[in-house]
Structure formats: structure tokens, C-alpha cells
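Worksheet for the structure shown next.
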Amino acid sequence: MVRRVECDVVIAGCGVAGLYCALNLPSSIRVVLLSKTDVESCDSMLAQGGICVLHDQDDYESFFEDTLKAGHYENRLESVDIMIRSSQMVIDDLVKRGVRFARKPDGELDYTREGAHSRPRIVYHEDITGEEITTHLLSCVRRRPNTTIMESTVMTDILEGYDQHGRRVCRGMVAGDGRLGRVEFHAPATVMATGGIGGLYEHSTNFPILTGDGCRIAAEHGVLLEHMDYVQIHPTTLFTEKPGRAFLISESARGEGAILLNDAGERFTDELQPRDVVSAAIVAEMNRTNANHVWLSFENVPETVVRNHFTHIREHCLEEGYDILRAPIPVVPAQHYFMGGIHVNTDSETTLPHLFAVGETACNGVHGRNRLASNSLLESIVFARRAADKIMHDRFADDAAEQLEDVTREFNHVFSHSTSVPDLATIAGINR
């Protein structure tokens, strides 16, 4: 049995990109959000380090250059510019929605630094920034009566149709629900916010449910993909022989002074280089010494910073038998992020009209070949909002075109049957 659901916008994915897109749509339209499992099992919840923001206007050029340098200068310049210039507005909006970023004693935002950043420009909440942001956005979405969240509902396909000009366009989404079977969501606008591809890897910091669903379905419909080989390896995850998701040790740890050591206790690289460079250095050192991991030492990080900034990292390491305040911990690189994906323009629209992609499943060119640390949450939020803006622009444009066509048809009918001034004034909206 096929169940049909009519709505204005359907969004697959309940991470920060999907949630923020929904929040930037008017409360007068019907929005449906789909979650592959439960809403807590999204990678946005796992982001530790923080979210970048333009520190001040003098920071623009260095922020821009840091992003390009990390991305090997393969970034789309317009997308990078949009992200940076939108960053302060994004942070202000998140604060208004209740997100609690770390503050200095005087109440000003505190900033931390991560690898490949030339200065501190990252705001954070302890070492669970992603959870802090996602939880508040989810709470805001749940308070909106126009928005429905359907958990354990898996996107399996998209629906196609034709517009008034005969163009092939997206008309909605198909999903599988364990209780209801096949569900067709018919909507003028469809958004893929399905995350990355970590579930396809044996060792990844991602949830295993992230299997590139959006990219696969887009490809099946001839939607353009881009840079599918641009996969980021994070330098530091906690080494373990246990199966399952790799536990991330935030890059902000190295930004605050943690250093990498080999088995002999020797420092072998500059920890604040871009992620791909540090990962390559670790792998080279492991191969040289025939080791299955290297060590991360917090000896240069003040104890107060460890206790206040890296609370949850320390707790997890303690559960594994390591105290980061007492000794180095074993770390190893693992798959972490996907810079490629579904090609989108600066409005997050794909090559199939009315189909949008946001977050890690999309490739808008911000990250280039390699993502700069803590740009992911910012990029997702900025371009999710742009998707929402474009959806509403198209909606009103279509409505205006339809109204104009109706008026033109009526005007032609009246004009061909009457030259009465009152009739023409009525059609033109003139009160006499």
C-alpha cells in the first residue's frame, strides 16, 4: 500500500542543515522532516570543536585565506565569501535561539583555535558544540505547529514531474516506513540533508547509518555529483581494538597546545597544519616505526582548560582507561568528513530544479579538497538558510506568475468583448 502525503517542503535529514532550513521557512507552510532512525543519531550531534565566525572585520582576509589554503585553493570563491560574511549573523541567531557559547568573565564570546587557523575564531560550548546547537534547533522545530518530524523513515527515492515549461523537475520524495510501508511525499520543494558517507568505511567518526543515500539517489536521477573522491581523514581518534564508531579527539585539543608523540616520546610534526597534512604525517610515522598508533599528550594544556573545555573527551578516555591529565593517549587517523557530494549552486539548488541539497551531502565548493576545521557547522547553517530563501522566492514567483497569467487571461477576455472603461478599471485594480 502506498500512502500519499501532501506538503509544501519535505526534508530528509534532521541534522543542523535540515533543522535550520525548516526553521527559516514561514510558519504558514507545511514542512515534513524525515529522520532515518532517531533524531539523535545524526553527525551534527557529534561535532566537538566548535563553529567558526568572523572575529572582526580585520579577520576577513585571513579567514578567507585559511579556508582556501586548507582546501588546496580548489574552493569556490563566491561560496567562501558568502559563508564568511554570513557568519556573525548566524552566531547571533543561534544565541537568540538559546545556544550557550563559552564566554569570558566580561561576557564576551570566548574563541579557541584549531589547526590551519591563523588566529582564534571558533566559538564553542565545552567539547560538545554540535550537540548544543542541534539540541536547541531541534527544540525550536518541535515547537512549530506547521512542522512534522517522522523518525525511522528512510528516503528511498525522489519523485519527478514537469513544470509549465516542460522542464523536468523534482516533485517530492519517496520514503520507507517500517509501519506504513511506502510513503510518497508530494511537495513543490525537496531538500536532501542526509549527511556524509562514513557508514561505508570500516573506521569512521560518523554514525554507521550515514551511507551516502542522497548522493546515490541523486545519481540515479542524473543529478550532477562533484568531487566524490574528496574524503577527509581526521588525524586524531582514540585508538581502540573495539568495533564501532571511532571516538573523535577534537582538533581544538591541539589548538590549545596538545602535541603528537611517537613511541619514543618524540614530537614529529607541526600539529596545527591542515588535517590532511597532519594525518599524512601520522601515517608516515606509524609506517616508519611499525606502530599501530601514535600518542597525543595534553602536557602543555592547562589543567583548567582540560577540565572545562574537554570535559566529555576526558570522561570518555577515563572509561577507556586513560586519563589525559596524567599521560598521553593513543590516537590514529580515521575517516571523518566528505567534501564532495551533490553539486549545488550558491542557493543550494541541484541541477534538478526544485531539488535542494544542504549539509555534508552537498558540494557548494566552500571546502575545496580539504575542510578547514570547524567550518562544517557554519557552512551547513549558512547554505541551509539560503535554500529556504530560494524555496520561498520560487514559491512566490510561481504564485505571482500564476496570478499575472489569470489577470492577463481575464483582461484579454474583457478587452475582446467590451471597451467599457469601468470594466478595464476593475481588471486593473483602479477604484473609480
Side-chain angles (χ1 to χ4, degrees), residues 46 48-49 66 68-74 113-118 127 196-198 200-206 227-301 306 310 313-314 316-340 367-374:
L46 303 176
Q48 293 178 345
D66 289 348
L68 265 59
K69 185 177 180 181
H72 296 266
Y73 298 94
E74 295 188 22
R113 182 185 178 191
E114 297 186 8
H117 285 272
S118 56
D127 52 0
I197 58 175
L200 302 175
Y201 285 76
E202 183 178 359
H203 299 291
S204 173
T205 62
N206 297 181
H227 297 315
M228 295 299 287
D229 58 335
Y230 284 7
V231 178
Q232 185 175 79
I233 306 299
H234 197 286
T236 53
T237 67
L238 187 64
F239 173 78
T240 179
E241 295 182 351
K242 298 177 182 177
R245 185 175 63 81
F247 181 76
L248 182 71
I249 306 298
S250 171
E251 186 155 346
S252 58
R254 286 176 281 126
E256 295 289 350
I259 57 175
L260 289 164
L261 307 173
N262 60 21
D263 282 344
E266 302 165 333
R267 190 177 177 189
F268 58 88
T269 191
D270 174 4
E271 294 83 4
L272 294 182
Q273 296 177 100
R275 288 176 174 175
D276 57 339
V277 177
V278 178
S279 294
I282 292 174
V283 171
E285 188 66 16
M286 288 167 56
N287 290 336
R288 188 186 71 82
T289 60
N290 197 29
N292 53 12
H293 62 77
V294 295
W295 301 90
L296 183 68
S297 171
F298 286 75
E299 62 186 271
N300 297 330
V301 183
V306 171
F310 304 118
I313 289 176
R314 182 171 183 244
H316 184 88
C317 289
L318 285 170
E319 293 172 2
E320 295 290 330
Y322 307 105
D323 186 348
I324 61 177
L325 284 173
R326 303 289 175 259
I329 57 174
V331 294
V332 67
Q335 190 279 335
H336 180 58
Y337 198 81
F338 182 43
M339 284 77 62
H367 305 306
R369 181 183 286 273
N370 177 60
R371 175 172 66 85
L372 180 66
S374 288

**Study point:** Any side-chain heavy-atom pair of Val332 and Asn292 under 4.5 Å
**Key:** no
Exercise for review: Show your working on side-chain hydrogen bond (donor to acceptor under 3.5 Å, both in side chains) between Ser252 and Glu256 and close with a plain yes or no.
Suggested key: CA-CA 6 Å; Ser252 58; Glu256 295 289 350; over 6 Å; no
Review point. Measuring from Ser250:OG to Ile313:CD1, what's the distance to the nearest 0.5 Å?
Key: 5.0 Å
**Study point:** Close side-chain approach of Asn206 and Arg245, heavy atoms under 4.5 Å
**Key:** no
Exercise for review: Look at atom CG of Asp229 and say whether more than 12 heavy atoms of other residues, nucleotides or ligands are closer to it than 6.0 Å.
Suggested key: yes
Exercise for review: Would you mind checking if Glu114 and Arg254 are paired as a salt bridge, meaning a charged N to carboxylate O distance below 4.0 Å?
Suggested key: no
Review point. Hey, what's the ring geometry for His367 with Tyr337, parallel, tilted or perpendicular (30° and 60° as the breaks)?
Key: perpendicular
Review point. Please walk me through it: do His234 and Thr205 pass side-chain hydrogen bond (donor to acceptor under 3.5 Å, both in side chains)?
Key: CA-CA 8 Å; His234 197 286; Thr205 62; over 6 Å; no
Exercise for review: Please assess Val294 against Leu261 for the test side chain to side chain contact (heavy atoms under 4.5 Å, CB included), listing each intermediate value before the final yes or no.
Suggested key: CA-CA 6 Å; Val294 295; Leu261 307 173; over 6 Å; no
Practice item. For Arg267 and Leu260, run side chain to side chain contact (heavy atoms under 4.5 Å, CB included): C-alpha distance rounded to whole Å, both residues' side-chain angles, the deciding distance at 0.1 Å, then the answer. Key: CA-CA 6 Å; Arg267 190 177 177 189; Leu260 289 164; 5.8 Å; no
Review point. Are Asp127 and Gln48 close enough, and set up right, to give a side-chain hydrogen bond (donor to acceptor under 3.5 Å, both in side chains), and what steps lead you there?
Key: CA-CA 5 Å; Asp127 52 0; Gln48 293 178 345; 5.9 Å; no
Review point. Ring pair (Phe, Tyr, Trp, His ring centres under 6.0 Å) with Tyr230: which residues, sequence neighbours excluded?
Key: His227
